[in-house]
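Single-structure report; data block below.
Below, each value reflects all heavy atoms present in this structure, side chains not excepted, and no hydrogens, waters or symmetry copies. All residue numbers refer to positions in the sequence shown, counting from 1.
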Amino acid sequence: MVNNKHVPPPRGGVPPSRKKKELTGREKLHSLFLDKKEEEIVTPSSPVTNEETASGPSPSLKNEVVTKVPFEQEKKEDEMVSTVSSPATKSILGIDKRKVLIGAICLAGVLLCIILVTTPFGKSLSPKDVVDTYMKCYIDNNHKEGITKCCLDETSAEAAYTQAINQDMLINVTEYEIAKEDLQGDDNAVVDVKCKQNDDMDYVFKFFMVKNKNGDWKIKNSQALFLSPKSAVDFAMKCLVIQDYATYAQFLYVDEDKPEYEQTSEINMAANTTQKMYSENPVTEYEILNVDDQGDGKTVVEVKIKQKDGKESISKMNMVKNRNGEWKIKASDG
(Lines give C-alpha, C1' and ligand atoms only; values in the text may rest on other atoms or scores of the structure.)
Protein backbone atom coordinates (compact mmCIF):
# COMPACT_ATOMS: atom_id res chain seq x y z
CA MET A 1 0.00 0.00 0.00
CA VAL A 2 1.39 3.38 -0.98
CA ASN A 3 1.96 5.80 1.88
CA ASN A 4 0.67 9.16 0.77
CA LYS A 5 1.51 10.80 4.02
CA HIS A 6 3.14 14.15 3.44
CA VAL A 7 6.86 13.95 3.96
CA PRO A 8 8.19 17.24 5.32
CA PRO A 9 11.15 18.66 3.51
CA PRO A 10 14.49 18.05 5.24
CA ARG A 11 16.27 20.84 6.94
CA GLY A 12 17.63 23.22 4.41
CA GLY A 13 14.62 23.07 2.12
CA VAL A 14 16.06 20.46 -0.28
CA PRO A 15 13.20 18.85 -2.24
CA PRO A 16 12.74 15.07 -1.78
CA SER A 17 13.40 14.52 -5.47
CA ARG A 18 16.94 15.85 -5.05
CA LYS A 19 17.54 13.69 -1.98
CA LYS A 20 16.48 10.50 -3.72
CA LYS A 21 18.73 11.28 -6.71
CA GLU A 22 21.94 9.26 -6.78
CA LEU A 23 24.79 11.73 -6.36
CA THR A 24 28.18 11.67 -8.00
CA GLY A 25 31.41 12.26 -6.07
CA ARG A 26 31.52 15.93 -7.04
CA GLU A 27 27.85 16.39 -6.10
CA LYS A 28 28.35 14.72 -2.72
CA LEU A 29 31.12 17.17 -1.88
CA HIS A 30 28.90 19.96 -3.12
CA SER A 31 26.03 18.76 -0.90
CA LEU A 32 28.27 18.73 2.18
CA PHE A 33 29.33 22.26 1.36
CA LEU A 34 25.67 23.37 1.15
CA ASP A 35 24.81 21.73 4.44
CA LYS A 36 27.54 23.64 6.16
CA LYS A 37 26.37 26.92 4.59
CA GLU A 38 22.79 26.22 5.61
CA GLU A 39 23.79 25.81 9.24
CA GLU A 40 25.36 29.23 9.14
CA ILE A 41 22.35 30.83 7.42
CA VAL A 42 19.73 29.49 9.88
CA THR A 43 20.86 32.01 12.50
CA PRO A 44 18.79 35.12 11.77
CA SER A 45 20.60 38.35 11.22
CA SER A 46 17.63 40.54 12.11
CA PRO A 47 16.91 41.52 15.73
CA VAL A 48 15.13 38.82 17.68
CA THR A 49 12.09 39.86 19.64
CA ASN A 50 11.00 38.43 22.99
CA GLU A 51 8.11 36.66 21.34
CA GLU A 52 10.36 34.95 18.84
CA THR A 53 12.70 33.93 21.60
CA ALA A 54 9.87 32.27 23.45
CA SER A 55 8.16 30.62 20.56
CA GLY A 56 11.08 30.22 18.12
CA PRO A 57 11.57 31.81 14.77
CA SER A 58 8.54 33.03 12.90
CA PRO A 59 7.22 30.78 10.14
CA SER A 60 8.03 33.38 7.51
CA LEU A 61 11.67 33.58 8.65
CA LYS A 62 11.95 29.80 8.58
CA ASN A 63 10.57 29.60 5.08
CA GLU A 64 12.48 32.49 3.55
CA VAL A 65 15.88 31.92 5.10
CA VAL A 66 15.93 28.17 5.12
CA THR A 67 14.47 27.54 1.70
CA LYS A 68 15.32 30.46 -0.60
CA VAL A 69 18.91 31.35 0.27
CA PRO A 70 20.41 27.83 -0.09
CA PHE A 71 18.84 27.40 -3.54
CA GLU A 72 20.27 30.70 -4.74
CA GLN A 73 23.69 29.72 -3.38
CA GLU A 74 23.36 26.30 -4.98
CA LYS A 75 22.57 27.87 -8.32
CA LYS A 76 25.67 30.03 -8.18
CA GLU A 77 27.82 27.06 -7.17
CA ASP A 78 26.40 24.97 -10.01
CA GLU A 79 27.23 27.72 -12.47
CA MET A 80 30.83 27.92 -11.14
CA VAL A 81 31.32 24.14 -11.35
CA SER A 82 29.93 23.98 -14.88
CA THR A 83 32.11 26.91 -15.98
CA VAL A 84 35.34 25.42 -14.62
CA SER A 85 34.59 21.98 -16.03
CA SER A 86 33.66 23.22 -19.50
CA PRO A 87 35.97 22.18 -22.43
CA ALA A 88 36.75 25.79 -23.36
CA THR A 89 37.91 26.61 -19.83
CA LYS A 90 40.07 23.49 -19.63
CA SER A 91 41.72 24.47 -22.92
CA ILE A 92 42.54 27.94 -21.65
CA LEU A 93 43.85 26.80 -18.27
CA GLY A 94 45.64 23.65 -19.38
CA ILE A 95 46.52 22.85 -22.96
CA ASP A 96 47.04 26.41 -24.24
CA LYS A 97 49.14 27.34 -21.24
CA ARG A 98 51.49 24.44 -21.87
CA LYS A 99 51.77 25.37 -25.54
CA VAL A 100 52.68 28.93 -24.60
CA LEU A 101 55.35 27.69 -22.17
CA ILE A 102 56.88 25.35 -24.76
CA GLY A 103 56.92 28.12 -27.33
CA ALA A 104 58.66 30.49 -24.92
CA ILE A 105 61.36 27.90 -24.17
CA CYS A 106 61.98 27.29 -27.88
CA LEU A 107 62.24 31.03 -28.55
CA ALA A 108 64.75 31.46 -25.70
CA GLY A 109 66.86 28.64 -27.14
CA VAL A 110 66.93 30.25 -30.59
CA LEU A 111 67.97 33.61 -29.12
CA LEU A 112 70.77 31.96 -27.11
CA CYS A 113 72.15 30.27 -30.24
CA ILE A 114 72.14 33.59 -32.10
CA ILE A 115 74.06 35.26 -29.25
CA LEU A 116 76.68 32.49 -29.11
CA VAL A 117 77.28 32.63 -32.86
CA THR A 118 77.44 36.41 -33.22
CA THR A 119 79.51 37.36 -30.14
CA PRO A 120 83.30 36.92 -29.66
CA PHE A 121 82.99 34.71 -26.59
CA GLY A 122 80.91 32.26 -28.58
CA LYS A 123 83.75 31.41 -30.98
CA SER A 124 87.54 31.00 -30.86
CA LEU A 125 89.69 33.91 -32.03
CA SER A 126 91.72 33.42 -35.20
CA PRO A 127 95.56 33.71 -35.16
CA LYS A 128 95.23 37.15 -36.72
CA ASP A 129 92.79 38.30 -34.01
CA VAL A 130 95.10 37.08 -31.22
CA VAL A 131 98.09 38.95 -32.67
CA ASP A 132 95.98 42.07 -33.14
CA THR A 133 95.03 41.95 -29.44
CA TYR A 134 98.69 41.52 -28.46
CA MET A 135 99.90 44.42 -30.61
CA LYS A 136 97.27 46.77 -29.18
CA CYS A 137 98.47 45.93 -25.67
CA TYR A 138 102.11 46.32 -26.80
CA ILE A 139 101.56 49.83 -28.15
CA ASP A 140 99.57 50.83 -25.05
CA ASN A 141 102.46 49.65 -22.80
CA ASN A 142 100.10 47.11 -21.27
CA HIS A 143 102.36 44.14 -21.98
CA LYS A 144 101.20 42.06 -19.00
CA GLU A 145 97.63 41.95 -20.27
CA GLY A 146 98.88 41.09 -23.76
CA ILE A 147 101.04 38.26 -22.46
CA THR A 148 98.26 36.85 -20.28
CA LYS A 149 95.70 36.88 -23.08
CA CYS A 150 97.83 35.87 -26.03
CA CYS A 151 101.02 33.96 -25.10
CA LEU A 152 101.33 30.20 -24.68
CA ASP A 153 104.05 30.33 -22.00
CA GLU A 154 103.35 33.40 -19.88
CA THR A 155 106.44 32.94 -17.68
CA SER A 156 108.89 32.78 -20.59
CA ALA A 157 107.22 35.67 -22.38
CA GLU A 158 107.37 37.85 -19.28
CA ALA A 159 111.05 36.98 -18.75
CA ALA A 160 111.91 37.85 -22.36
CA TYR A 161 110.06 41.15 -22.14
CA THR A 162 111.80 42.08 -18.87
CA GLN A 163 115.18 41.21 -20.37
CA ALA A 164 114.48 43.40 -23.40
CA ILE A 165 113.55 46.29 -21.11
CA ASN A 166 116.66 45.89 -18.97
CA GLN A 167 118.95 45.69 -22.00
CA ASP A 168 117.22 48.56 -23.81
CA MET A 169 116.43 46.18 -26.66
CA LEU A 170 112.69 46.75 -26.74
CA ILE A 171 111.42 48.00 -30.08
CA ASN A 172 109.09 50.94 -29.53
CA VAL A 173 106.42 50.40 -32.16
CA THR A 174 104.28 53.43 -33.03
CA GLU A 175 102.19 51.91 -35.84
CA TYR A 176 101.43 48.39 -37.06
CA GLU A 177 99.55 46.58 -39.78
CA ILE A 178 98.81 42.86 -39.97
CA ALA A 179 100.26 41.90 -43.35
CA LYS A 180 99.66 38.17 -43.68
CA GLU A 181 98.13 35.18 -41.92
CA ASP A 182 99.56 31.82 -43.01
CA LEU A 183 97.73 28.76 -41.66
CA GLN A 184 100.10 25.80 -41.63
CA GLY A 185 97.82 22.89 -40.84
CA ASP A 186 95.22 22.73 -38.08
CA ASP A 187 97.49 23.61 -35.14
CA ASN A 188 100.16 25.97 -36.53
CA ALA A 189 100.14 29.39 -38.12
CA VAL A 190 102.45 32.32 -38.86
CA VAL A 191 101.25 35.93 -38.71
CA ASP A 192 103.36 38.76 -40.19
CA VAL A 193 102.94 42.25 -38.76
CA LYS A 194 104.50 45.33 -40.35
CA CYS A 195 105.66 47.72 -37.65
CA LYS A 196 106.95 51.27 -37.77
CA GLN A 197 109.11 52.99 -35.20
CA ASN A 198 109.72 56.12 -37.24
CA ASP A 199 109.96 57.06 -40.90
CA ASP A 200 113.11 55.11 -41.71
CA MET A 201 113.06 52.19 -39.23
CA ASP A 202 110.59 49.52 -40.30
CA TYR A 203 110.20 45.99 -38.99
CA VAL A 204 108.19 42.87 -39.54
CA PHE A 205 107.30 40.82 -36.50
CA LYS A 206 106.72 37.18 -37.34
CA PHE A 207 104.50 35.51 -34.76
CA PHE A 208 104.57 31.72 -34.64
CA MET A 209 101.18 30.48 -33.43
CA VAL A 210 100.02 27.17 -31.97
CA LYS A 211 96.84 25.90 -30.35
CA ASN A 212 96.72 25.19 -26.62
CA LYS A 213 94.88 22.31 -24.92
CA ASN A 214 91.59 24.18 -25.14
CA GLY A 215 91.95 24.69 -28.89
CA ASP A 216 92.67 28.43 -28.59
CA TRP A 217 95.39 30.10 -30.70
CA LYS A 218 98.39 31.38 -28.71
CA ILE A 219 101.72 33.02 -29.52
CA LYS A 220 104.55 30.51 -29.07
CA ASN A 221 107.39 32.85 -30.05
CA SER A 222 108.21 35.71 -32.38
CA GLN A 223 110.99 37.01 -34.57
CA ALA A 224 111.79 40.53 -35.74
CA LEU A 225 112.70 41.05 -39.39
CA PHE A 226 114.30 44.40 -40.17
CA LEU A 227 113.03 46.02 -43.35
CA SER A 228 115.30 49.06 -43.40
CA PRO A 229 119.13 49.24 -43.29
CA LYS A 230 119.04 51.67 -40.39
CA SER A 231 116.77 49.50 -38.23
CA ALA A 232 118.99 46.44 -38.82
CA VAL A 233 122.19 48.30 -37.92
CA ASP A 234 120.55 49.92 -34.90
CA PHE A 235 119.52 46.57 -33.44
CA ALA A 236 122.85 44.91 -34.29
CA MET A 237 124.76 47.67 -32.49
CA LYS A 238 122.55 47.29 -29.42
CA CYS A 239 123.60 43.63 -29.33
CA LEU A 240 127.25 44.68 -29.31
CA VAL A 241 126.66 47.08 -26.40
CA ILE A 242 125.03 44.37 -24.24
CA GLN A 243 127.67 41.85 -25.46
CA ASP A 244 125.07 39.53 -27.02
CA TYR A 245 127.38 38.42 -29.81
CA ALA A 246 125.30 35.42 -30.85
CA THR A 247 122.35 37.68 -31.71
CA TYR A 248 124.66 40.20 -33.38
CA ALA A 249 125.92 37.45 -35.68
CA GLN A 250 122.32 36.85 -36.84
CA PHE A 251 122.54 40.21 -38.65
CA LEU A 252 125.53 39.13 -40.73
CA TYR A 253 124.97 38.07 -44.30
CA VAL A 254 125.73 34.46 -45.29
CA ASP A 255 125.54 32.81 -48.69
CA GLU A 256 121.95 31.58 -48.99
CA ASP A 257 122.91 29.04 -51.64
CA LYS A 258 124.91 27.05 -49.12
CA PRO A 259 123.27 24.23 -47.13
CA GLU A 260 121.56 25.33 -43.93
CA TYR A 261 124.07 23.61 -41.67
CA GLU A 262 126.94 25.52 -43.35
CA GLN A 263 125.10 28.81 -42.89
CA THR A 264 124.60 28.01 -39.20
CA SER A 265 128.28 27.11 -38.84
CA GLU A 266 129.38 30.42 -40.41
CA ILE A 267 127.10 32.40 -38.08
CA ASN A 268 128.49 30.63 -35.02
CA MET A 269 132.08 31.27 -36.14
CA ALA A 270 131.26 34.95 -36.69
CA ALA A 271 129.82 35.18 -33.17
CA ASN A 272 132.99 33.72 -31.64
CA THR A 273 135.23 36.02 -33.69
CA THR A 274 133.26 39.12 -32.66
CA GLN A 275 133.39 38.13 -29.00
CA LYS A 276 137.18 37.78 -29.10
CA MET A 277 137.47 41.14 -30.84
CA TYR A 278 135.54 43.04 -28.16
CA SER A 279 136.00 40.87 -25.06
CA GLU A 280 138.63 43.13 -23.46
CA ASN A 281 137.44 46.43 -24.87
CA PRO A 282 133.68 46.17 -25.56
CA VAL A 283 131.51 48.72 -27.33
CA THR A 284 129.79 51.07 -24.88
CA GLU A 285 128.12 53.64 -27.16
CA TYR A 286 127.23 54.11 -30.80
CA GLU A 287 125.58 56.67 -33.06
CA ILE A 288 124.23 56.23 -36.58
CA LEU A 289 125.62 59.13 -38.60
CA ASN A 290 124.39 58.54 -42.14
CA VAL A 291 122.45 56.19 -44.39
CA ASP A 292 123.48 56.16 -48.04
CA ASP A 293 121.08 54.35 -50.37
CA GLN A 294 123.14 53.27 -53.40
CA GLY A 295 120.32 51.54 -55.24
CA ASP A 296 120.07 47.97 -56.48
CA GLY A 297 119.41 46.76 -52.92
CA LYS A 298 122.67 48.16 -51.56
CA THR A 299 123.02 50.70 -48.78
CA VAL A 300 125.92 51.94 -46.67
CA VAL A 301 125.26 52.88 -43.04
CA GLU A 302 127.87 55.01 -41.28
CA VAL A 303 128.20 54.42 -37.52
CA LYS A 304 130.29 56.12 -34.86
CA ILE A 305 131.47 53.60 -32.23
CA LYS A 306 132.89 54.28 -28.78
CA GLN A 307 134.60 51.53 -26.76
CA LYS A 308 135.26 51.02 -23.06
CA ASP A 309 138.72 52.62 -23.09
CA GLY A 310 137.26 55.75 -24.72
CA LYS A 311 138.49 54.95 -28.19
CA GLU A 312 136.17 56.17 -30.98
CA SER A 313 136.01 54.99 -34.55
CA ILE A 314 133.81 55.30 -37.66
CA SER A 315 132.51 52.10 -39.26
CA LYS A 316 130.82 51.87 -42.66
CA MET A 317 128.53 48.87 -42.90
CA ASN A 318 127.58 47.59 -46.34
CA MET A 319 124.00 46.38 -46.21
CA VAL A 320 122.23 44.00 -48.62
CA LYS A 321 118.83 42.35 -48.70
CA ASN A 322 118.43 38.61 -48.43
CA ARG A 323 115.70 36.58 -50.07
CA ASN A 324 113.31 37.22 -47.18
CA GLY A 325 113.64 40.97 -47.65
CA GLU A 326 115.76 41.46 -44.54
CA TRP A 327 118.73 43.80 -44.46
CA LYS A 328 121.99 42.09 -43.48
CA ILE A 329 125.56 43.33 -42.83
CA LYS A 330 127.63 41.93 -45.68
CA ALA A 331 130.89 43.65 -44.78
CA SER A 332 132.11 46.58 -42.74
CA ASP A 333 135.02 48.96 -43.22
CA GLY A 334 136.76 50.57 -40.28
What do the steps show when you test C150 against W217 for side chain to side chain contact (heavy atoms under 4.5 Å, CB included), and what is the final call? CA-CA 8 Å; C150 306; W217 287 102; over 6 Å; no
Hydrophobic side-chain clustering at under 4.5 Å (ILVMFWY, transitive links): who's grouped with M269? Put none if nobody. none
Apart from V254 itself, what residues make up its hydrophobic cluster, given side-chain heavy atom links below 4.5 Å? I267
Rounded at 0.5 Å granularity, tell me how far [atom1] in [X] sits from [atom2] in [Y].
X    : Y    : atom1 : atom2 : answer
L240 : T274 : CG    : OG1   : 7.0 Å
Y176 : C195 : OH    : SG    : 9.0 Å
M317 : I329 : CE    : CD1   : 4.5 Å
K213 : L152 : NZ    : CG    : 10.0 Å
K136 : N142 : NZ    : CG    : 13.0 Å
N324 : N322 : CG    : CG    : 5.0 Å

For residues 184-193, tabulate all N or O donor-acceptor pairs below 3.5 Å that involve a side-chain atom, not counting sequence neighbours.
from : atom 1 : to   : atom 2 : distance (Å)
Q184 : NE2    : D182 : OD2    : 3.1
D192 : OD1    : K206 : NZ     : 2.9
D192 : OD2    : K206 : NZ     : 3.2

K220 NZ/CZ over F208 ring centroid, <6.0 Å and within 45° of normal: no
No-hydrogen, no-angle side-chain donor-acceptor test under 3.5 Å, Y286 and D234: yes
Is [Y] reachable from [X] through a run of I, L, V, M, F, W or Y residues, each pair having side-chain heavy atoms under 4.5 Å apart?
X    : Y    : result
F207 : I139 : yes
V131 : V210 : no
L289 : V300 : no
Y278 : L252 : yes
M319 : I288 : yes

Locate the shortest heavy-atom distance separating A179 from K194; write the atom from each residue and the value. CB-CG, 4.1 Å
Could you pull out the closest heavy-atom pair between A236 and Y248, with the gap in Å? O-CD1, 3.3 Å
Please collect all side chain to side chain donor-acceptor pair (under 3.5 Å) contacts where either partner lies in residues 260-271, sequence neighbours excluded, each pair once. K258-E266
Under 3.5 Å donor-acceptor, [X] side chain and [Y] backbone:
X    : Y    : value
E181 : K128 : yes
T133 : D129 : yes
S231 : S228 : yes
N318 : K330 : no
T284 : K306 : yes

Where do Y245 and N272 land on the side-chain hydrogen bond (donor to acceptor under 3.5 Å, both in side chains) test, with the steps shown first? CA-CA 8 Å; Y245 302 111; N272 293 331; over 6 Å; no
Among residues at least two apart in sequence or on other chains, which ones pass side chain to side chain contact (heavy atoms under 4.5 Å, CB included) with [X]?
X    : result
K144 : E158
N214 : N212, D216
K321 : W327
K311 : Q307, D309

When K230 is tested against each of V291, T299, N290 for side chain to side chain contact (heavy atoms under 4.5 Å, CB included), which residue passes? V291
Is any side-chain heavy atom of M237 less than 4.5 Å from a side-chain heavy atom of I305? yes
Which pairs, with at least one residue in residues 267-287 and sequence neighbours excluded, count as a salt bridge (Lys or Arg N to Asp or Glu O under 4.0 Å)? none
Could you work out, with ring-ring contact (aromatic ring centres under 6.0 Å, His included) as the rule, every residue matching F226, not counting sequence neighbours? Y203, F235, F251
Residues 138-166 vs ring pair (Phe, Tyr, Trp, His ring centres under 6.0 Å), sequence neighbours excluded, gives H143-Y161
Who passes side chain to side chain donor-acceptor pair (under 3.5 Å) against K149, sequence neighbours left out? E145
